[in-house]
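Heads up, the thing below is written out as structure tokens.
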Number of protein chains: 2
Amino acid sequence: MSMRRLDRTFAALADPTRRAILARLAAGEAMVNELAKPFAISAPAITRHLNVLERAALIVRERDGQFRRCRLNPQALQAAREWLDFHARFWSESFDRLDDHLKKPSKPRKPHVDREPKRR
Amino acid sequence: MSMRRLDRTFAALADPTRRAILARLAAGEAMVNELAKPFAISAPAITRHLNVLERAALIVRERDGQFRRCRLNPQALQAAREWLDFHARFWSESFDRLDDHLKKPSKPRKPHVDREPKRR
DNA sequence: TACTCATTTAACTTGTATGTTAATTGTTTA
DNA sequence: TAAACAATTAACATACAAGTTAAATGAGTA
């Protein structure tokens with residue numbers, strides 16, 4: 001799995017407009033102008049969001065006469081899901097180990113640091 | 001769940017350096033200089049990545065003497081996981097419906113007549 | 001053909017992300 | 001106390017993200 005592909009997937013998901021577009025497409029295919037309706041941004045801005053989603057392989061576009069039909073590519077979420085699922089589990093295990101360690105320290109740690117990190 | 005929080009989480013995950021830092025931290029706590037070792041970027045750049053991760057609540061930092069100890073916050077992945085899991089399932093259902101639609105046009109179905117696959 | 005509609009591209013503006021080096025803060029140690 | 005070390009902040013450069021308006025492209029229709 002390519003790092004860049006994950007980069008693109010996560011970056012595409014980091015925008016609320018794009019997540020909303022994906023949520024709409026989950027209910028079924030749609031044309032660009034329908035996807036644009038809920039948003040107060042220009043048509044070119046929508047086109048750019050769709051470009052980002054397409055480059056991330058999250059959607060597919062095809063011409064349909066005068067229109068352009070958009071639909072989801074459900075496989076594209078998989079890589080991101082796998083990364084998250086794997087790490088979520090791994091993190092929990094890491095924390096279980098930390099718990100054990102804190103409950104039964106094999107040797108005394110440094111004394112408690114009673115200081116907050118400095119805030120600016 | 002807040003949109004902005006998801007924004008921050010996904011944006012933080014969109015960078016390979018930050019994902020590598022998280023992967024390292026999954027193996028256990030670490031000080032900043034240890035986290036910085038694998039990367040050919042300056043210390044301030046690492047600090048900025050850690051700031052992004054902290055603002056996304058993916059990590060926690062605390063001073064430990066001369067050092068600063070970093071560890072994961074495993075809960076922070078949850079919102080992103082939930083979004084992805086929900087949508088991944090929803091997308092699949094969406095595709096199942098599409099399949100049904102393609103396989104069962106309005107006329108009574110004829111079980112052994114297979115339609116051609118979707119055109120590209 | 002000319003007109004209209006859907007969408008994209010071009011050109012530009014603005015804000016944010018990511019990196020740098022130099023200086024600063026806070027802690028440990030000689 | 002002075003020097004060394006860890007990490008951050010300051011100040012700056014550059015690249016990219018995301019929005020705008022105006023023009024171009026491609027398809028349907030009078």
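Labels below follow one simple rule: chain letters A, B, ... track the order of the sequence lines, proteins then strands, and each chain is numbered from 1. Computed from a prediction, not measured in an experiment: that's the story for all the values here.
Look at S42(B) and you'll find a side-chain N or O under 4.0 angstrom from OP1 or OP2 of dT20(C). OP1 or OP2 of dG19(C) has not a single side-chain nitrogen or oxygen of R48(B) nearer than 4.0 Å. Considering only side-chain N and O atoms, N51(A) lies nowhere under 4.0 angstrom from the phosphate OP1 or OP2 of dT8(C). In this model, the phosphate group of dT18(C) is approached by a side-chain N or O of R18(B) to a distance below 4.0 Å at OP1 or OP2. Taking 4.0 angstrom as the limit, H49(B) places none of its side-chain polar atoms (N or O) nearer than this to OP1 or OP2 of dA17(C).
Side-chain atoms of R63(A) and base atoms of dG26(D) include no donor and acceptor less than 3.5 Å apart.
Side chain of R68(B) to backbone of E62(B): no donor-acceptor contact under 3.5 angstrom is found. A donor-acceptor pair is defined here as one N or O able to donate and one able to accept, closer than 3.5 Å; no such pair exists between the side chain of R69(A) and the backbone of D64(A). No donor-acceptor pair closer than 3.5 Å links the side chain of N73(B) to the backbone N or O of V60(B).
Summary of the strand contacts: V32(B) and I46(A) both lie near DNA chain D, and taking for each the nucleotide with the nearest heavy atom, the more 5' one is attributed to V32(B). Residue A43(B) is the one, among A43(B) and V52(A), whose nearest nucleotide of DNA chain D lies closer to the 5' end (criterion: closest heavy atom).
Atom CD of Q66(A) and atom P of dA27(D) are 10 Å apart (whole Å). Atom CD1 in I41(A) sits roughly 13 Å away from atom C1' in dA17(D) (whole-Å rounding). Here dA17(D) presents its P atom at 15 Å from CG of L13(A), a figure rounded to the nearest Å. For the pair R68(B) CZ and dT25(C) P, the computed distance is 16 Å after rounding to whole Å.
Residue F67(A) places its side chain closer to dT7(C) than to any other of dG19(D), dT7(C), dA7(D). Residue T47(B) has its side chain nearest to dT9(D) when only dT20(D), dT20(C), dT9(D) are considered. Considering only side-chain atoms of A45(A), the nucleotide from dG19(D), dT8(D), dG19(C) that sits closest is dG19(D).
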- Task: Would you sort out whether R61(B) and N51(B) count as a side chain to side chain donor-acceptor pair (under 3.5 Å), showing the intermediate values?
- Result: CA-CA 9 Å; R61(B) 278 183 289 187; N51(B) 287 341; 2.5 Å; yes

